[in-house]
Amino acid sequence: MPNLDHYPQYYSPDGGPWDDPCWNNDWEIELLTQGYKTMAQWNDLGRVIKSGKKGIYLSCARRYVFDVQETEENIRLAKFFSKKRNKLIQVDRKKDNIASKDKLILFLIRNKFQYIQTVSNVWKDAFKLSIKSNHLFILFRKNGVDIKLYDDELGEYSIKMEKYSFLSGHRVSFSYNESSMSIFYFIVQLVSVFNMEGNIRFMMESVE
């Protein structure tokens with residue numbers, strides 16, 4: 001399990017997770033699993049926010065999210081908003097990536113993921129959660145995140161000298177060239193479904 005040596009900012013007396021708005025954000029996760037999305041995510045689906053709708057503010061994610069009833073289909077306007085937004089995102093992308101990674105690591109720790117080491121030095125931070133015969137790995141590269149799933153049908157991994165190496169398995173890779181907040185939300189939803197012993201293979205296949 002992660003400890004003071006791995007992530008002191010989360011465990012030290014002066015900076016414990018209880019001082020962070022993400023320490024008790026179960027209600028935010030519940031909204032995401034119910035289908036609430038950010039304005040950018042709705043725009044990517046060809047929908048825009050209806051006039052006067054304010055959404056709900058997530059203090060941990062520091063984003064407003066909206067229910068589908070607060071949106072309406074307008075593909076042309078949605079594409080316009082997305083184009084404008086992408087120009088602005090380039091400026092603050094690096095800072096946003098770092099913030100999103102820290103929040104995601106805290107979320108994984110709270111959801112009983114085990115901190116692990118890997119044989120390959122490609123991954124800077126690695127986490128594992130096992131439920132019955134299913135094993136989910138969240139692996140952080142310098143420029144992105146890899147998700148690996150293993151079960152009775154999806155290959156295997158090995159452990160040598162307490163370090164993990166991977167053979168086949170189901171893998172999805174994200175690059176920080178994409179929206180890091182979209183990556184964050186997807187992994188939050190994936191982990192939530194996995195914890196409920198739901199089928200995450202379908203979710204992973206949907207973003208390949």
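Keep in mind the model is a prediction, meaning the values are calculated, not measured.
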Side chains of Val68 and Trp42, heavy atoms from C-beta outward: is any pair under 4.5 Å?
yes
Can you confirm whether Tyr115 sits close enough to Asp125 that some side-chain heavy atom of one is under 4.5 Å from a side-chain heavy atom of the other?
yes
To the nearest 0.5 Å, what is the distance between CG (Asn43) and CG (Leu45)?
9.0 Å
Considering non-hydrogen atoms only, spot the tightest contact between Ile183 and Phe174 and give its length.
CD1-CB, 3.6 Å
Apply side-chain contact (heavy atoms from CB on, under 4.5 Å) to Trp123 and Tyr164, showing your working.
CA-CA 11 Å; Trp123 297 295; Tyr164 286 71; over 6 Å; no
When rounded to the nearest 0.5 angstrom, what is the spacing between OG1 in Thr33 and CG in Leu190?
13.0 Å
Around Lys50, counting heavy atoms of other residues, nucleotides and ligands shown, do more than 12 lie under 6.0 Å from its NZ?
yes
Rounded to the nearest 0.5 Å, what's the gap from CD1 on Ile56 to OH on Tyr64? Could you check?
11.0 Å
What is the minimum heavy-atom distance between Tyr185 and Arg63, and which atoms define it?
OH-CB, 3.3 Å
Let me check something: do Val119 and Leu139 share a hydrophobic cluster, defined by ILVMFWY side-chain heavy atoms less than 4.5 Å apart, either directly or through other members?
no
Do the non-hydrogen side-chain atoms of Phe113 and Leu136 ever get within less than 4.5 Å of each other?
yes
Taking all non-hydrogen atoms of both residues into account, name the closest pair between Ser130 and His135 and its distance.
OG-ND1, 2.7 Å
What residues, two or more places apart in sequence or in another chain, satisfy salt bridge (charged side-chain N to carboxylate O under 4.0 Å, His left out) together with Glu197?
Lys132
Step-by-step side-chain contact (heavy atoms from CB on, under 4.5 Å) determination, Leu104 to Phe140:
CA-CA 10 Å; Leu104 183 52; Phe140 293 90; 3.8 Å; yes
Would you say CD of Glu162 has more than 12 non-hydrogen atoms from neighbouring residues, nucleotides or ligands within 6.0 angstrom?
no
Spell out, as yes or no, whether a donor-acceptor pair under 3.5 Å connects the side chain of Arg47 to the backbone of Gln41.
no
Let me confirm one number: the NZ-NZ distance from Lys128 to Lys148, rounded to the nearest 0.5 Å.
14.0 Å
Test log, rule side-chain contact (heavy atoms from CB on, under 4.5 Å), inputs Phe107 and Ile187:
CA-CA 10 Å; Phe107 171 78; Ile187 295 178; 5.5 Å; no
One should read off an interatomic distance between Arg141 CZ and Ser175 OG, to the nearest 0.5 angstrom, of 6.5 Å
Can you name the closest pair of heavy atoms from Thr118 and Ser120 and give their distance?
OG1-O, 2.7 Å
Worked verdict on Asn111 versus Leu129 for side-chain contact (heavy atoms from CB on, under 4.5 Å):
CA-CA 9 Å; Asn111 280 271; Leu129 178 63; 5.5 Å; no
Working to the nearest 0.5 Å, report the span between CD1 of Ile49 and NZ of Lys54.
14.0 Å
For Val48, run the side-chain contact (heavy atoms from CB on, under 4.5 Å) check against Thr71, Ile75, Asn74 and tell me which one passes.
Asn74
Glu70 side-chain N/O to Asp67 backbone N/O, donor-acceptor pair under 3.5 Å
yes
Check the orientation of Tyr150 and Phe137. Use parallel for under 30°, tilted for 30 to 60°, and perpendicular for over 60°.
perpendicular
Hydrophobic cluster membership, with links at side-chain heavy-atom distances under 4.5 Å among I/L/V/M/F/W/Y: are Phe66 and Tyr57 in one?
yes
For Asp146 and Ser173, work out which heavy atoms get closest and say how close.
OD1-OG, 2.7 Å
Nearest non-hydrogen partners of Met204 and His170, listed with the distance:
CE-O, 3.6 Å
